[in-house]
Amino acid sequence: MKNWMQFLVLVTSISSAGTLLASGGFGEGGEGGEGRGKQMPTVTNVKWAAECASCHMLYHPGLLPEKSWNKVMAGLDKHFGENASLDAATQAEITRFLALNSADKSDNRRSSRISQSIATNAAPLRITETRYFTAKHDEVSAATFKRKSIGSASNCMACHKGAEKGDFSESQIKIPR
Ligand code: HEC
Ligand code: HEC
């Protein structure tokens, strides 16, 4: 398992180095170590994909730290006004999967930045409430997020077609009309 993870990290760093060169986008760069990938690695779990994408897109585990996922998973009976409860075994498996690949466990620059943007004593339930998110989207207006083709800021997929795979690269961003 460990070797496989290292392999994934290696592959993502090589391919994202390519992306960086191609787009000339060194703006992200600098701190954070040379060998680490920029995009989040693509991860999957059958139960997570089945249970967490019926009402909205799949939010990549690398978008929130473990403490946030634990809180999301502990409160599924009152999940943003919905009852998203699961049986105990499924809940435990998905919680483990999210924790293992969470922003503070995933070795890529975006996840590290997200973690760093959250205060030590905070555990936000929403990615869209993190400082990282608001800083990255300060040029997107509230009216844009409300477009029919988008719905809300929480619908990452509308603008980042690689979102479920953890790909938020600039070359993949397209804001629908
Ligand atoms: C019964 C429907 C339903 C299911 C099933 C569901 N969710 Fe949600 N989820 C919601 C709603 C509604 C929101 C709020 C959406 C909004 O404000 O636009 C939400 C929001 C979220 C957000 C916050 C997104 C943001 O704004 O940053 C996260 C994270 C999340 N869900 C994770 C999960 C996970 C993990 C699972 C699987 C265990 C799950 N959800 C299953 C209905 C659901
Ligand atoms: C209305 C379209 C839209 C939606 C919806 C949206 N984004 Fe973005 N996102 C953008 C734009 C535009 C940028 C800024 C690109 C730039 O200035 O380089 C951006 C930037 C980003 C970046 C940084 C990319 C980089 O290379 O610097 C990340 C990460 C990101 N978004 C994640 C998310 C996540 C996670 C969600 C959902 C919770 C989301 N976005 C929802 C349009 C959107």
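Whatever order the structure lists them in is the order used to number ligands and atoms, beginning at 1.
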Q. Under 3.5 Å, side chain of Lys67 to main-chain N/O of Thr120, donor-acceptor pair present?
A. yes
(Q) I need the contact type for Ala153 against ligand 2. Using non-hydrogen atoms and a strict under-4.0 Å cut-off, is it side chain, backbone, both or neither? (A) backbone
Q | Any Ala158 heavy atom less than 4.0 Å to ligand 2 | A | no
Q. Lys105 versus Leu100: any side-chain heavy-atom pair under 4.5 Å?
A. no
Q. Which ligand 2 atoms does Ile175 reach within 4.0 Å, using its non-hydrogen atoms?
A. 12 (C)
Q.
Below 3.5 Å, N or O to N or O, backbone or side chain included: is there any such pair between Ser169 and ligand 2?
A. no
Q | Proximal ligand 2 atoms for Glu170, defined as those under 4.0 Å from one of its heavy atoms | A | 18 (O), 25 (C), 26 (O), 27 (O)
Q: May I ask you to identify, for Arg110, whether its side chain, its backbone, both or neither come under 4.0 Å of ligand 2 on a heavy-atom basis?
A: side chain
Q. Do Ile150 and Ile127 belong together in a cluster built from hydrophobic side chains that touch within less than 4.5 Å?
A. no
**Q.** Nearest-contact summary for atom 4 (C) of ligand 1 - protein heavy atom, Å
**A.** Cys55 SG, 3.3 Å
Q. Under 3.5 Å, N or O to N or O, is His79 touching ligand 1 that way?
A. yes
Q: Heavy-atom contacts with Ile150 under 4.0 Å: which atoms of ligand 2 show up? List them by number with element.
A: 1 (C), 5 (C)
Q: Specify which N/O/S atom of His137 comes nearest to atom 8 (Fe) of ligand 2, by atom name.
A: NE2
Q: Just jot down the ligand 2 atoms closer than 4.0 angstrom to any heavy atom of Phe133, in number order.
A: 33 (C), 34 (C), 36 (C), 37 (C), 38 (C), 39 (C), 40 (N), 41 (C)
Q. Looking only at heavy atoms, what is the nearest atom pair of Phe80 and Leu125, with distance?
A. CZ-O, 3.8 Å
Q. Between His56 and Tyr59, what is the ring plane arrangement, given parallel below 30°, perpendicular above 60°, and tilted in between?
A. tilted
Q | Cys156 near atom 8 (Fe) of ligand 2: N/O/S under 2.8 Å | A | no
Q. Closest non-hydrogen protein atom to atom 18 (O) of ligand 1, residue and atom name please, with distance?
A. Ser152 OG, 3.5 Å
Q | Same apolar cluster (I L V M F W Y, side chains within < 4.5 Å links), Leu58/Leu98 | A | yes
Q | Rounded distance [0.5 Å steps], NZ in Lys165 versus CD in Gln172 | A | 9.0 Å
Q) Can you tell me which residue and heavy atom of the protein come closest to atom 25 (C) of ligand 1, and the distance to 0.1 Å? A) Thr128 OG1, 3.4 Å
Q) Is there a donor-acceptor contact under 3.5 Å from the side chain of Lys71 to the main chain of Ala123? A) yes
Q) Can you check whether Ser54 has an N/O within less than 3.5 Å of an N/O in ligand 1? A) no
Q: Enter the distance from Leu63:CG to Phe133:CZ here, rounded to the nearest 0.5 Å.
A: 10.0 Å
(Q) For the CD atom of Glu93 and the CD atom of Glu51, what is their distance to the nearest 0.5 Å? (A) 10.0 Å
(Q) I'd like to check whether Glu51 has a polar contact with ligand 1, where a contact means an N/O of the residue lying under 3.5 Å from an N/O of the ligand. (A) no
Q. Has Met73 got any heavy atom lying under 4.0 angstrom from an atom of ligand 1?
A. yes
Q. Nearest to atom 15 (C) of ligand 2 by heavy atom, Ile114, Val140, Ile127, Ile173: which?
A. Ile173
Q: Do me a favour and list the nearest non-hydrogen protein atom to atom 17 (O) of ligand 1 with residue, atom name and distance?
A: Arg126 NH2, 2.8 Å
Q: Quick one: look at His56 and ligand 1, take heavy-atom pairs under 4.0 Å, and tell me if it's side chain, backbone, both or neither.
A: side chain
Q: Please could you name the atoms of ligand 2 that Leu63 approaches to less than 4.0 Å, counting only its heavy atoms?
A: 35 (C)
Q | ligand 2 contact on His60 by region, counting heavy-atom pairs under 4.0 Å | A | neither
Q | Nearest-contact summary for atom 13 (C) of ligand 1 - protein heavy atom, Å | A | Phe80 CB, 3.6 Å
(Q) Distance under 4.0 Å to a non-hydrogen atom of Phe145: what atoms of ligand 2 satisfy this? (A) 1 (C), 3 (C), 4 (C), 5 (C)
(Q) So if I count the atoms of ligand 2 from 1 in the order they appear, which ones are less than 4.0 Å from some heavy atom of Cys159? (A) 1 (C), 2 (C), 3 (C), 4 (C), 5 (C), 42 (C), 43 (C)
Q. What's the shortest distance from atom 12 (C) of ligand 1 to any protein heavy atom, and which residue and atom give it?
A. Glu82 CG, 3.7 Å
Q: Could you tell me whether Asn155 approaches ligand 2 through its side chain, its backbone, both or neither, with non-hydrogen atoms closer than 4.0 Å?
A: backbone
**Q.** Exercise: identify the closest heavy-atom pair between Pro65 and Asp104
**A.** CA-OD1, 3.3 Å
Q. Under 4.0 Å from ligand 1, counting heavy atoms only, is it the side chain of Cys52, its backbone, both or neither?
A. both
Q: From atom 27 (O) of ligand 2, work out which of Arg147, Lys136, Met57, Lys146 has a heavy atom at the shortest distance.
A: Lys136
Q. What is the ring orientation for Phe97 with Trp48, classed by angle as parallel under 30°, tilted 30 to 60°, or perpendicular over 60°?
A. tilted
Q | Transitive ILVMFWY side-chain link Trp69 to Leu76, under 4.5 Å | A | yes
Q. Do you know which two heavy atoms are closest between Met40 and Ser111, and how far apart they sit?
A. CG-OG, 3.7 Å
**Q.** Pro124 versus Glu129, closest heavy-atom pair with distance
**A.** CB-OE1, 4.5 Å
